[in-house]
Amino acid sequence: MTGPVPPALDPDPSDPSDPSDASGPHAAREEGAEGPGSRSGAAGKAGRFWSVRRIPAALLSLIVLGGAGLLLYDIVAVRADRPAMEWRRATADRLARWRLDEPWALAAAAVLALIGLCLILIALTPGLRKLLPMRRDDASVRAGLSRDAAAQVLRDRAMEVAGVQSVRVRMGRSKVLVRARSHFRELDDVREDLDAALGGGITELGLARSPKLTVRVARPSAKKG
């Protein structure tokens with residue numbers, strides 16, 4: 001025998017824990033987890049590409065390996081009751097006689113310090129200056145665009161402007177310098193059209209950092225007969 005079935009309780013609309021309430025805080029958190037904000041947060045940082053630098057690393061490794069091997073051989077020879085190499089004995093004698101404040105010693109120290117600073121600079125800088133990083137809409141994808149390719153795209157875009165006879169584009173990491181020559185139309189009108197066309201072209205390149213655009217327009221030089 002079954003007892004009376006209790007009536008179903010209607011959820012309290014003011015209760016924030018009700019999962020059926022689409023306006024509660026749970027729904028807000030779910031929308032925030034799958035909204036467009038989370039997609040932009042998943043994008044990675046578009047930093048510069050680091051060069052492998054195989055040639056400098058190989059040369060430095062060979063120099064260090066050769067010097068260490070030669071010094072180790074001489075030390076082992078001395079431990080085996082054999083005379084040291086002539087170059088090491090001569091160097092030790094000269095270092096024992098000469099003072100550290102002499103010009104040659106200061107010059108050698110300056111050269112070695114300069115070489116050390118250059119090596120530190122090479123190690124701390126990314127390199128690959130000709131490769132421009134592009135925007136990373138997805139953290140798992142990294143893309144880059146060479147300066148030559150970007151300059152060619154902008155040049156083709158500039159040649160489509162009416163009145164432009166020739167264009168030279170110099171593409172940098174932070175600046176784009178465009179020199180155009182116009183054989184008809186007013187120079188101000190051509191410059192305005194170039195600013196609009198190239199501005200849109202830079203945006204379509206998808207670079208992580210949009211460079212500053214500088215446009216210069218002039219008349220073709222008169223040819224001498």
Side-chain angles (χ1 to χ4, degrees), residues 43-155 167-179 198 202 205-216:
K45 182 180 179 181
R48 290 178 57 188
F49 291 86
W50 282 76
S51 175
V52 181
R53 298 186 177 95
R54 293 185 178 91
I55 296 178
L59 293 177
L60 183 60
S61 300
L62 290 176
I63 293 174
V64 173
L65 181 62
L70 186 61
L71 185 60
L72 181 61
Y73 173 80
D74 192 43
I75 292 175
V76 171
V78 172
R79 291 292 183 178
D81 296 334
R82 293 185 179 181
M85 292 184 178
E86 181 63 27
W87 66 268
R88 194 160 74 92
R89 287 182 295 174
T91 303
D93 293 340
R94 291 179 181 178
L95 291 176
R97 292 195 306 267
W98 291 348
R99 299 174 56 184
L100 296 178
D101 57 351
E102 293 187 2
W104 75 268
L106 296 177
V111 171
L112 292 177
L114 183 61
I115 294 175
L117 291 176
C118 291
L119 293 176
I120 293 175
L121 182 64
I122 292 175
L124 296 180
T125 52
L128 294 180
R129 298 178 61 86
K130 293 185 177 181
L131 193 61
L132 302 174
M134 302 179 69
R135 287 193 303 267
R136 298 185 66 182
D137 297 331
D138 190 348
S140 61
V141 178
R142 269 192 91 186
L145 183 64
S146 67
R147 289 190 187 183
D148 296 337
Q152 184 64 37
V153 170
L154 296 181
R155 182 184 178 278
V167 180
R168 294 178 60 186
V169 179
R170 184 177 180 183
M171 190 76 187
R173 290 191 296 116
S174 59
K175 295 180 181 180
V176 179
L177 178 59
V178 178
R179 299 177 183 271
L198 296 178
I202 292 175
L205 289 177
L207 300 178
R209 179 182 178 184
S210 296
K212 182 180 179 182
L213 177 62
T214 301
V215 178
R216 298 176 183 176

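Tested against R155, the residues L198, V178, V167 include a single side chain to side chain contact (heavy atoms under 4.5 Å, CB included) partner, V167.
No more than 12 heavy atoms of other residues, nucleotides or ligands lie within 6.0 Å of CZ in R216, so this atom counts as exposed by the packing criterion. Within a 6.0 Å sphere centred on CG of L59, heavy atoms belonging to other residues, nucleotides or ligands number more than 12. Within a 6.0 Å sphere centred on CZ of R170, heavy atoms belonging to other residues, nucleotides or ligands number 12 at most.
Across all their heavy atoms, A150 and L145 have their closest contact at CB-CD2, 3.8 Å. Residues S210 and I202 approach most closely at CB-CG2, 4.4 Å, considering heavy atoms. The shortest non-hydrogen separation linking G172 to P211 is O-CB, 4.5 Å.
A distance of 11.5 Å separates CD1 in I120 from OG1 in T125, rounded to the nearest 0.5 Å. Taking CG of L124 as the reference point, atom CG of L119 lies at 11.0 Å (rounded to 0.5 Å). Atom CG of residue L205 and atom CZ of residue R135 lie 9.5 Å apart, to the nearest 0.5 angstrom. The distance from atom CE of M171 to atom CG of L132, rounded to the nearest 0.5 Å, is 5.5 Å. For the atom pair CG of L65 and CG of L72, the computed distance is 10.5 Å after rounding to the nearest 0.5 Å. Distance CG/L177 to CG/L213: 9.0 Å, rounded to 0.5 Å.
Side-chain N or O atoms of R89 include one that pairs as donor or acceptor with a backbone N or O of A84 at under 3.5 Å. Panel note: side chain R209, backbone R173; no donor-acceptor pair is recorded below 3.5 Å.
Contact annotation: the side chain of Y73 never approaches that of V78 to less than 4.5 Å [non-hydrogen atoms, C-beta and beyond]. Side-chain atoms of V176 and V169, non-hydrogen and from C-beta on, do get closer than 4.5 Å to each other.
In this view, D93 satisfies the side chain to side chain donor-acceptor pair (under 3.5 Å) rule with no residue, not counting sequence neighbours. Among residues two or more places apart in sequence or in another chain, the salt bridge (Lys or Arg N to Asp or Glu O under 4.0 Å) test is passed with R129 by none.
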